[in-house]
Amino acid sequence: MFELAPRLLAVLDTGAPVVVATAVSMTGSAPSGVGTSMAVLPGGQVVGTISGGCVEGSLFLTAERVAETGEPVLERFGFDDDPDDPDAVWAPALRCGGRVEVLVHRVTADDLPLVGALRDAAAGLPTSLALSLEPGTLGAVVTAPGGCRDRVFVERGDHRPRCIVVGAVETAVAVTNAAAVLGYAVTVVDPRPVFLTDERFPAADQRIVGWPTRVLEGLQVDGTTAVVVLAHDDRFDAEVIDQALRRGAGYVGAMGSRSTHERRTEVLRAMGTPDLDRLRSPIGLDIGARTPAEVALSIVAEVVAVRRGASGGALTDGSGPIHRVPARVP
């Protein structure tokens, strides 16, 4: 439920309760991972999703019941029998053939350990939460599981990943908006204050006016960081890329034509830049993008593909399961 933390806290801080449905177990093909949640807010507003539409209608009805009674429910969705049997009877189910268990429980501002974990998640801090799946204690926060007899769901949230956008160009506006929606803490860097304004970049967590190489030195960079160089400025582009690769940024991409890329690569080789094979340049996936918004889509899609270890190719050209078992992201 940590991906919904800001929305949940906005309601809980008013004193109103929310009902949260969280996938606590999945087997087979499923469109999202364990820990994915949907919530029903006061007035019936739904935020989040678990299956992309397969089971949400049934969960909404369960959530209404839980909102009234306060009693948590563990719902199970999937084939009642062998999914390869044409005579098998469907429960409200994942049409991709998977099975999922969903904990539906009411959350109030008085649930202090749970609310505390939500606040840490909303702030981008590492956090974890253990919820009991045992009858009689279903949905209760577990502080010290009693051993292998206890069935417990543990959700962990890593620190919020950072996206550093260098160059306050028009494409950077769309990249910032898209990355923020995906949960990145976005920092935009540009030496020109006239372009780097609150009005142009309302979704950015930070807007830093300064020389990009010096600014980057003072920012945290690790394996979860995406560095997106859109400035197209020979005065600092290569140095920014060099620094990002040396410091182990998970994604490093740079705007420019193929000829610009070749010229830039020569400079980087002369600088002794390591891991040049990790540089995504020209930046973005080939989707035929033309407008700034389309270019941003191609860039952010590539950021996600690199982070998840995916090829970024068309699903129709592939084989095997569509929904991978999520890898632990550093």
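Since we're looking at a predicted model, the values are computed, not measured.
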Quiz item: For L12 and P17, which heavy atoms make the closest approach, and how far apart are they?
Solution: CD2-CA, 4.4 Å
Exercise. Keeping the roles fixed (side chain from S37, backbone from M1), state whether a donor-acceptor pair exists under 3.5 Å.
Key: yes
Practice problem: List in chain and number order the residues that pass side-chain hydrogen bond (donor to acceptor under 3.5 Å, both in side chains) with E155, two or more places apart in sequence or in another chain; answer none if no residue qualifies. | Solution: none
Quiz prompt | Contact check, side chains of V40 and V66, non-hydrogen atoms, under 4.5 Å | solution = no
Quiz item: Should V227 and Y251 be regarded as members of a common hydrophobic cluster, given that ILVMFWY residues are connected when their side-chain heavy atoms come within less than 4.5 Å of each other, either directly or indirectly?
Solution: no
Quiz prompt | L74 side chain reached by R151 side chain, heavy atoms, under 4.5 Å | solution = yes
Exercise. Give a yes or no answer on whether the side chain of S257 reaches the backbone of T260 with a donor-acceptor pair at less than 3.5 Å.
Key: yes
Quiz item: For the atom pair CZ (R207) and OG1 (T176), what is the distance rounded to the nearest 0.5 Å?
Solution: 9.5 Å
Quiz item: Does the E56 side chain pair with the main chain of I50, one donor and one acceptor, at a distance under 3.5 Å?
Solution: yes
Quiz item: Roughly how far, to the nearest 0.5 Å, is CG of L133 from CZ of F153?
Solution: 8.0 Å
Quiz item: Judged by atom type as modelled, is there a donor-acceptor pair below 3.5 Å linking the side chain of T62 to the main-chain atoms of S58?
Solution: yes
Quiz item: Backbone N or O of T127 within a donor-acceptor pair of the R156 side chain at under 3.5 Å?
Solution: no
Quiz prompt | Short side-chain to backbone donor-acceptor contact, T69 and E71, under 3.5 Å | solution = yes
Quiz item: Can you name the nearest heavy-atom pair linking V229 to D237, along with the distance?
Solution: CG1-OD1, 3.5 Å
Quiz prompt | Path from V306 to V221 over hydrophobic side-chain contacts below 4.5 Å | solution = no
Quiz item: Is a side-chain donor or acceptor of Q243 paired with a backbone partner of E217 at a separation under 3.5 angstrom?
Solution: yes
Self-check item: Side-chain heavy-atom pair V228, C163 within 4.5 angstrom cut-off
Solution: yes
Practice problem: Using a cut-off of 6.0 Å, state whether more than 12 heavy atoms not belonging to R192 lie near its atom CZ. | Solution: yes
Quiz item: Looking only at heavy atoms, which two atoms of A174 and A293 are closest? And how far apart?
Solution: CB-CA, 4.0 Å
Quiz item: Would you say the side chain of M255 lies within less than 4.5 Å of the side chain of P282, judging by non-hydrogen atoms?
Solution: no
Quiz item: For R162 and T187, does a side-chain donor sit closer than 3.5 Å to a side-chain acceptor?
Solution: yes
Quiz item: Should H105 and L138 be marked as a side chain to side chain contact (heavy atoms under 4.5 Å, CB included) after you check the CA-CA gap, both sets of side-chain angles, and the distance that decides it?
Solution: CA-CA 9 Å; H105 60 124; L138 186 65; over 6 Å; no
Exercise. Would you name the heavy atoms of V152 and A130 that are closest together and state the gap between them?
Key: CG1-CB, 3.6 Å
Quiz item: Roughly how far apart are D13 CG and L8 CG, rounded to 0.5 Å?
Solution: 10.5 Å
Quiz item: Got a donor-acceptor contact below 3.5 angstrom from the T273 side chain to the R269 backbone?
Solution: no
Quiz item: Is any side-chain heavy atom of V300 closer than 4.5 Å to a side-chain heavy atom of L182?
Solution: yes
Practice problem: Could you tell me whether the side chain of D158 reaches within less than 4.5 Å of the side chain of T224, counting heavy atoms only? | Solution: no
Quiz item: Does some side-chain heavy atom of L59 sit less than 4.5 Å from a side-chain heavy atom of V102?
Solution: yes
Quiz item: Given the rule that I, L, V, M, F, W and Y join up when any side-chain heavy atoms are under 4.5 Å apart, are M271 and W211 in one cluster?
Solution: yes
Quiz item: Which is it for L112 and V141 under the side chain to side chain contact (heavy atoms under 4.5 Å, CB included) test, yes or no, and what are the steps along the way?
Solution: CA-CA 10 Å; L112 298 182; V141 175; over 6 Å; no
Quiz item: Do R200 and E170 pass the salt bridge (Lys or Arg N to Asp or Glu O under 4.0 Å) test, and can you show the C-alpha distance, the side-chain angles, and the key distance before you say yes or no?
Solution: CA-CA 9 Å; R200 290 192 74 212; E170 193 62 25; 2.9 Å; yes
Exercise. Could you pull out the closest heavy-atom pair between A238 and V267, with the gap in Å?
Key: CB-CG1, 3.8 Å
Quiz item: Could you go step by step and tell me if D111 and R106 meet the salt bridge (Lys or Arg N to Asp or Glu O under 4.0 Å) rule?
Solution: CA-CA 10 Å; D111 300 323; R106 190 171 67 184; over 6 Å; no
Quiz item: Mind checking whether L9 and L131 sit in one hydrophobic cluster, side chains of I, L, V, M, F, W, Y counted as touching below 4.5 Å?
Solution: yes
Quiz item: If we only count heavy atoms from C-beta on, is the V295 to T291 side-chain gap below 4.5 Å?
Solution: no
Quiz prompt | Verify same cluster id: I241, V303 (apolar side-chain graph, 4.5 Å) | solution = no
Quiz item: So how far is it from F60 CZ to M38 CE, rounded to the nearest 0.5 Å?
Solution: 7.5 Å
Quiz item: Within the side chain of D205, is there an N or O that forms a donor-acceptor pair under 3.5 Å with the backbone of V186?
Solution: yes
Quiz item: What's the verdict on side chain to side chain contact (heavy atoms under 4.5 Å, CB included) for V107 and V19, showing C-alpha distance, side-chain angles and the deciding distance?
Solution: CA-CA 6 Å; V107 179; V19 176; over 6 Å; no
Quiz prompt | Stepwise side chain to side chain contact (heavy atoms under 4.5 Å, CB included) test for E302 and I283 | solution = CA-CA 8 Å; E302 185 176 60; I283 197 170; 4.0 Å; yes
Quiz item: Regarding E239 and T213, is there a side-chain donor-to-acceptor distance under 3.5 Å anywhere?
Solution: no
Quiz item: Counting only N and O atoms by type, is there a donor-acceptor contact under 3.5 Å from the side chain of R247 to the main-chain atoms of L216?
Solution: yes
Quiz item: Do you know the tightest heavy-atom contact between D242 and P274?
Solution: OD1-CD, 4.4 Å
